[in-house]
Visitor: 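Once you've had a glance at the structure underneath, I'll fire off some questions.
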Amino acid sequence: MQLAMIDDKLVGMDELAPCYLDRGIFFGDGVYEVMRSYNGRIFALEEHMERFANSLAAIEISGVDLNQVRVRVKKAFESAKIENAKIYFHITRGSAPRNHNWDGNLKPNFFLTISEIEDSSKMKEEGVSVSIYPDMRWKRCDIKSLNLLPNVLAHNDAARKGCFDAILINDTGLITEGSSSAFFAIFGKKLQTTPLGTSVLPSITRKFVLKAAKNIGLGIIEESMTVPMALCADELFLGVTTKDIIPVIRFDERKIGTATCGRYTKQLIEEFHRFTE
Ligand code: PDD
């Protein structure tokens with residue numbers, strides 16, 4: 001008879017809870033979003049919803065009612081009553097016995113969690129260290145997919161080195177982005193970051209950082225840089241929804257600038273927070 005085994009327990013396939021057959025587990029066949037709220041208000045909800053819709057379309061998960069997703073996000077957020085919340089949700093193609101081919105009629109699975117945003121004020125003041133790691137991801141990093149093993153391996157290598165994140169380096173020696181963040185450098189009065197495309201995630205924080213940079217009069221260069229270039233920067237920082245802007249004071253064990261939060265990074269943090277009010 002067809003059986004499943006969960007740890008030591010044998011279960012008939014017909015009694016198996018569908019979540020064990022989720023294509024998200026077998027293949028990473030799903031996409032996700034991470035949003036946050038500031039003081040009781042979800043930030044950039046529509047920007048995240050638009051990216052989520054793009055990710056679903058890119059892996060051909062159809063039939064998702066985006067307004068239903070929006071309603072669920074708001075319902076969970078209001079029920080959790082967390083002022084500064086991290087909102088994670090994903091949709092997988094659905095549950096079915098493992099088969100690379102998917103059945104077009106599968107019902108997508110939705111899953112969401114809401115948790116307290118960790119306080120990053122100390123990190124913002126003191127800055128963080130980052131290490132470097134090969135970018136081993138697939139060719140569509142613009143899709144926010146559940147295929148995060150290369151990101152996780154890089155992130156854990158950084159953690160072992162006492163670093164906040166790993167900066168990913170592609171086969172030609174160019175920096176793409178952090179394993180879970182966007183990467184920025186300041187040279188004089190110019191802000192530089194990797195151009196959008198299939199090698200990086202279209203980070204929502206990145207969009208607002210560029211807006212903030214314009215507002216404070218920084219020039220913007222959307223061009224990839226090498227590690228030696230990054231090491232010459234006056235300031236480095238990361239961008240990620242859960243922490244907005246995080247100064248980088250050590251890059252691959254080398255001190256950056258004065259190893260404190262740079263003057264323009266500080267101004268960008270202040271300008272960014274104006275968007276969240
Ligand atoms: N990560 N690049 C990668 C590879 C990321 O995983 C993330 C975010 C970012 C920043 O994107 P945004 O500004 O939209 O948060 C860039 C989320 C937070 C995560 O996987 O937990």
Visitor: M225 and M229: which non-hydrogen atoms are nearest, and at how many Å?
Guide: CB-CE, 3.7 Å
Visitor: Assess the residue pair E118 and K86 against the criterion (salt bridge (Lys or Arg N to Asp or Glu O under 4.0 Å)); give the C-alpha distance rounded to whole Å, side-chain angles, the decisive distance to 0.1 Å, and a yes or no.
Guide: CA-CA 9 Å; E118 290 149 35; K86 172 179 175 179; 5.9 Å; no
Visitor: Search all heavy atoms of V73 against all heavy atoms of M35 and return the closest pair with its distance.
Guide: CG1-SD, 4.3 Å
Visitor: Show me the pairs that pass salt bridge (Lys or Arg N to Asp or Glu O under 4.0 Å) and involve residues 39-51, at least two apart or across chains.
Guide: E33-R51, E46-R70, E47-K207
Visitor: Compute whether any side-chain donor of one residue and acceptor of the other, for D165 and S179, lie under 3.5 angstrom apart.
Guide: yes
Visitor: Show me the pairs that pass side-chain hydrogen bond (donor to acceptor under 3.5 Å, both in side chains) and involve residues 209-223, at least two apart or across chains.
Guide: R206-E222, N215-E271
Visitor: Considering only NZ, NE, NH1 and NH2 on the basic side and carboxylate oxygens on the acidic side, decide whether K9 and D7 come within less than 4.0 Å.
Guide: no
Visitor: Between F89 and R72, is there a cation-pi geometry (under 6.0 Å to ring centre, at most 45° from the normal)?
Guide: no
Visitor: Quick check against the 3.5 Å criterion: does S55 have a side-chain atom that pairs as donor or acceptor with the backbone of K144?
Guide: yes
Visitor: Regarding R93 and D103, does a basic nitrogen lie under 4.0 Å from an acidic carboxylate oxygen?
Guide: no
Visitor: When you measure from the side chain of S37 to the backbone N and O of A85, does any donor-acceptor pair fall under 3.5 Å?
Guide: yes
Visitor: Between E177 and T194, does any side-chain donor sit less than 3.5 Å from a side-chain acceptor?
Guide: no
Visitor: Scan for ring pair (Phe, Tyr, Trp, His ring centres under 6.0 Å) pairs involving residues 215-249, sequence neighbours excluded, and state none if there are none.
Guide: F184-F237
